[in-house]
Each structure stands twice: as C-alpha cells, then as structure tokens.
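Inspection log for the structure reproduced underneath, given as structure tokens.
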Amino acid sequence: MIHNVIMFNDFIIKKIFLIIKIFFVYLLFTSNVIAKQSAYFDEGIKHFEKKEFEKSKFFFEKDIVFDPKSEKSYLYLAKIFVENENDAEQEINLNNVLLINPKNDEAIYMLTLLKIKQSDYNRAKELIDTFVLVCKNFCSKKNEIKEKLEKLNPE
C-alpha cells in the first residue's frame, strides 16, 4: 500500500513538472511573438518618419498579420495613403481603426477631413458630432473641421 502511494505521488510530481515545463515553453514562445510584433510596428514608424512610405507600409502590414487588431498600424497605413492620395485605401484603414476603437479621435478627425473632401456633408456632420464627444488629443481641431464643414454646407 505504501509503495502504491509513493508511485502515485511520483506520478503527480512528474505531471506537475511537465505542466510547468509546458507553461514556460509557452511563455517563451509568446514573448518572442510579441517582441516581433512590436519590432514590426517600430520599424514601420522609423521608415514612416523618414518618409519611406512603401517600406513603412510593408512593416505595418506585417504587424497587422500578427495582430489584426493593431489600431496604430491601421492608423499609420491611413496616413501613408493620405500621402499617396489614395482616398479609398485611406478610408478602409480609418474605418478599420474605428471598428477596433470607435473613440479614436485622430481617426475620426482624418475621416471627417476625407468626407469633407468628398463633399459628403451628412457623414462629415455625423463624424464631427462624434468627434466633439470623444476628442482627447485633437480637440484643438474642432473649430478647423467645423469651418471646413460650413464651407461645404449645401444650404
């Protein structure tokens, strides 16, 4: 009977050590993945600041592959498409940002400017109303976009 208890305890201890090993391997693997994600975004920022938009686009897209909810990468892609004057891709990326975080004031601001550029008065008005409610970092831009909307006003 004592022999069975000792064998059972050895079995439990071996299982516990196996679970601990698996856990540490998992932590090691996930930390490497997170580090790569951050590295792709950081590399994209470096190229963006140097105005190397094609290179930065590649890194932001790579970051999105690893983290499809990378709000910042979508935002920077939208900024790249502003520079490249690609309104359709800019709008897609801004909408992705707003799907992930509906209160991202920079994305709302950028999308409002795009809608004003496209003469979409109603959508621009909706966005401005939302912007006024959620603005944190871009509150100083409220008057600017309201003035641009007034110039567009169809009435």
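Hydrogens, waters and symmetry mates are skipped; everything else that's a heavy atom, side chains included, is used. Just so it is clear, the model here is predicted, and its values are computed rather than measured.
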Point to revise | Name of the residue among Val97, Asn95, Ile92, Leu99 meeting side chain to side chain contact (heavy atoms under 4.5 Å, CB included) with Tyr74 | key: Val97

Review point. Considering residues at least two apart in sequence or located in another chain, which fulfil the salt bridge (Lys or Arg N to Asp or Glu O under 4.0 Å) criterion with Lys117?
Key: Asp87

Point to revise | Presence of salt bridge, Glu91 and Lys115, under 4.0 angstrom | key: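 Salt bridge: yes.
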
**Study point:** Salt-bridge present (Asp129, Lys125; N to O < 4.0 Å)
**Key:**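 Salt bridge between Asp129 and Lys125, a charged N being under 4.0 Å from a carboxylate O: yes.
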
Could you tell me which non-hydrogen atom of [X] sits nearest to which non-hydrogen atom of [Y], and how far apart they are?
X	Y	result
Ser70	Ile100	N-CD1, 4.3 Å
Ala124	Ile116	CB-CG1, 3.8 Å
Leu98	Ala107	CD2-CB, 3.9 Å
Gln90	Phe81	N-CB, 3.7 Å
Thr112	Ile128	CG2-CG1, 3.6 Å

Practice item. Test side-chain hydrogen bond (donor to acceptor under 3.5 Å, both in side chains) on Glu144 and Tyr109 and set out the steps. Key: CA-CA 10 Å; Glu144 173 192 335; Tyr109 170 74; 2.9 Å; yes

Review point. Among pairs that include at least one residue of residues 96-107, which meet side-chain hydrogen bond (donor to acceptor under 3.5 Å, both in side chains), considering only residues two or more places apart or in two chains?
Key: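 Sorted result for residues 96-107: Glu71-Asn101, Glu71-Asn104, Lys79-Glu106.
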
Does any non-hydrogen side-chain atom of [Y] lie less than 4.5 Å from one of [X]?
X	Y	answer
Leu75	Met110	yes
Tyr76	Asn93	no
Glu89	Asn84	no
Ser56	Ile80	yes

Exercise for review: Could you walk me through whether Glu43 and Asp63 pass side-chain contact (heavy atoms from CB on, under 4.5 Å), step by step?
Suggested key: CA-CA 10 Å; Glu43 195 66 29; Asp63 184 52; over 6 Å; no

**Study point:** Sub-6.0 Å ring centroid separation between Phe59 and Phe41
**Key:**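 Distance test on ring centres: not under 6.0 Å, no.
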
Review point. Is it true that Val65 and Phe48 fall in one hydrophobic cluster, defined by side-chain heavy atoms closer than 4.5 Å?
Key: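 Not linked; separate clusters.
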
Rounded to the nearest 0.5 Å, what separation is found between the [atom1] atom of [X] and the [atom2] atom of [Y]?
X	Y	atom1	atom2	value
Glu61	Ser73	CD	OG	9.5 Å
Tyr121	Glu150	OH	CD	6.0 Å
Leu127	Leu114	CG	CG	9.5 Å
Asp67	Lys72	CG	NZ	11.5 Å

